[in-house]
Amino acid sequence: MSDIQYLESLLGTHPDFPKKGIVFLDVFPILRDPVAFETLITHFLHHLTAVTLPALRESTGNPKAKIDTIVGLDARGFLFGPVLALRLGAAFVPVRKVGKLPGQCFQAQYEKEYGVDTFEMQEDAISEGQNVVVVDDLIATGGSALAAQQLIEKAKGKVVQNLFVVDIEFLKGAQKLSAPSHSLIKAD
Ligand SMILES: O=P(O)(O)OC[C@H]1O[C@H](OP(=O)(O)OP(=O)(O)O)[C@H](O)[C@@H]1O
Ligand SMILES: Nc1ncnc2[nH]cnc12
């Protein structure tokens, strides 16, 4: 069994949660297995260093270009974002559901697979020109990740990569995003 097949085997599947007709894919069992969690982080880091950074350096013509900030999406993006940020020596910035962050915030409304919501990001969290990676546990319709992209663009940052543990591919969420999207597990 490959590393990725092992991660996939741990993914929980819950029909009709949180609403009838939704098959909820649960990443928490991966975090109960420290070796699987480490494997997941290693795969994300490998993609960032072997694919994202070379592409960024090539496209900017700047051999020293780097990933400045990892943005994690409320709530399950917070499981992965800070770990990646620490390992890369980058900043971690949360995008949160409305009403949770103090100070001046940018706002973006969005629709996701099972509802509508509003995301916020602190206005001073990202500086103009920063290279940003968005991370979340899962992309379904892409509404959440697109709203995060809009917040980062309001701060004049640039999304250079989107990372997901799981992509529910038939919903075509990644096609909504302007930066490349990488996911470890493809679900249908
Ligand atoms: O691609 P989309 O259709 O936008 O759906 C994906 C989003 O939905 C889930 O979050 P949820 O809003 O359920 O929040 P949670 O992490 O707080 O449970 C998931 O963690 C993603 O953030
Ligand atoms: N099917 C699903 N499973 C887990 N999280 C989700 N977020 C949106 N759709 C989801």
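All values below were derived from every heavy atom in this structure, side-chain atoms included, with hydrogens, water molecules and symmetry-related copies excluded. Index from 1, following the sequence. Ligands are counted one by one from 1 in listed order, and the atoms in each one are counted from 1 as well.
- Atom 17 (O) of ligand 1 has its closest protein heavy atom at Lys97 NZ, 3.0 Å.
- At the top of the distance list for atom 13 (O) of ligand 1, counting protein heavy atoms only, stands Tyr114 OH, 2.4 Å.
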- Message: Before you tell me yes or no, could you show the steps for Glu111 and Thr141 under side-chain contact (heavy atoms from CB on, under 4.5 Å), namely the whole-Å CA-CA distance, both residues' side-chain angles and the distance that decides it to 0.1 Å?
- Response: CA-CA 8 Å; Glu111 199 167 336; Thr141 63; over 6 Å; no

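- Note: no N/O pair closer than 3.5 Å links Ala145 and ligand 1 by distance alone.
- The side-chain heavy atoms of Phe80 and Ile70, taken from C-beta on, include no pair separated by under 4.5 Å.
- When hydrophobic clusters are built by joining Ile, Leu, Val, Met, Phe, Trp and Tyr residues whose side-chain heavy atoms come closer than 4.5 Å, directly or via intermediates, Val166 is grouped together with Leu7.
- Ligand-side atoms of ligand 1 in range of Ser144: 2 (P), 4 (O), 5 (O), 6 (C), 7 (C), 22 (O), range being under 4.0 angstrom from any heavy atom.
- Atom 9 (C) of ligand 1 has its closest protein heavy atom at Arg76 NH2, 3.4 Å.
- Near Leu138, meaning under 4.0 Å from one of its heavy atoms, ligand 1 places the atoms 6 (C), 21 (C).
- Residue contact check for ligand 1: Gly142 places a non-hydrogen atom closer than 4.0 Å to it.
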- Walk me through it: do Arg87 and Glu38 pass the test salt bridge (charged side-chain N to carboxylate O under 4.0 Å, His left out)? CA-CA 12 Å; Arg87 297 265 176 102; Glu38 183 70 53; 3.1 Å; yes

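- Close approach to Lys112 involves these atoms of ligand 1, each under 4.0 Å from a residue heavy atom: 2 (P), 3 (O), 4 (O), 5 (O), 11 (P), 12 (O), 13 (O).
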- Verdict with supporting geometry, Phe28 and Leu79, side-chain contact (heavy atoms from CB on, under 4.5 Å): CA-CA 9 Å; Phe28 281 117; Leu79 303 169; 3.6 Å; yes

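- Not counting sequence neighbours, the partners of Pro18 by the side-chain contact (heavy atoms from CB on, under 4.5 Å) test are Ile22, Phe24, Tyr114.
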- Item | Criterion side-chain contact (heavy atoms from CB on, under 4.5 Å) on Ile126 and Val71, from CA distance to verdict | CA-CA 10 Å; Ile126 289 175; Val71 163; 3.9 Å; yes

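- Put simply, the side chain of Leu177 reaches to within 4.5 Å of the side chain of Ile139, judged on heavy atoms.
- Residues Leu48 and Leu163 form a side-chain contact, since some pair of their non-hydrogen atoms from C-beta on lies under 4.5 Å apart.
- Residue Leu73 places no heavy atom under 4.0 Å from ligand 1.
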- Could you check Asp188 against Lys186 for salt bridge (charged side-chain N to carboxylate O under 4.0 Å, His left out), going step by step and ending with a plain yes or no? CA-CA 7 Å; Asp188 41 44; Lys186 324 289 178 200; over 6 Å; no

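- Among protein heavy atoms, the minimum distance from atom 19 (C) of ligand 1 is reached at Asp137 OD1, 3.4 Å.
- At the top of the distance list for atom 3 (O) of ligand 1, counting protein heavy atoms only, stands Thr141 OG1, 2.5 Å.
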Dump all N/O pairs between ligand 2 and the protein below 3.5 Å as a table: atom names plus distance, one pair per row.
{"unit_1": "ligand 2", "atom_1": "1 (N)", "unit_2": "Val23", "atom_2": "O", "d": "2.8"}
{"unit_1": "ligand 2", "atom_1": "1 (N)", "unit_2": "Glu113", "atom_2": "OE1", "d": "3.0"}
{"unit_1": "ligand 2", "atom_1": "3 (N)", "unit_2": "Leu25", "atom_2": "N", "d": "2.9"}
{"unit_1": "ligand 2", "atom_1": "5 (N)", "unit_2": "Arg76", "atom_2": "NH1", "d": "3.4"}
{"unit_1": "ligand 2", "atom_1": "7 (N)", "unit_2": "Tyr114", "atom_2": "OH", "d": "3.4"}
{"unit_1": "ligand 2", "atom_1": "9 (N)", "unit_2": "Glu113", "atom_2": "OE1", "d": "2.5"}

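- Heavy-atom contacts of Asp74 reach the following atoms of ligand 1: 14 (O), 16 (O), 17 (O) (cutoff under 4.0 Å).
- For atom 22 (O) of ligand 1, the closest non-hydrogen atom on the protein side is Asp136 OD2, 2.5 Å.
- Asn131 places a side-chain N or O within 3.5 Å of a backbone atom of Lys66 that can act as its donor or acceptor partner.
- Asp136 places a side-chain N or O within 3.5 Å of a backbone atom of Gly77 that can act as its donor or acceptor partner.
- Nearest to atom 16 (O) of ligand 1 among the protein's heavy atoms is Ala75 N, 3.0 Å.
- The main-chain N or O of Pro102 is found under 3.5 Å from a side-chain atom of Gln122 such that the two form a donor-acceptor pair.
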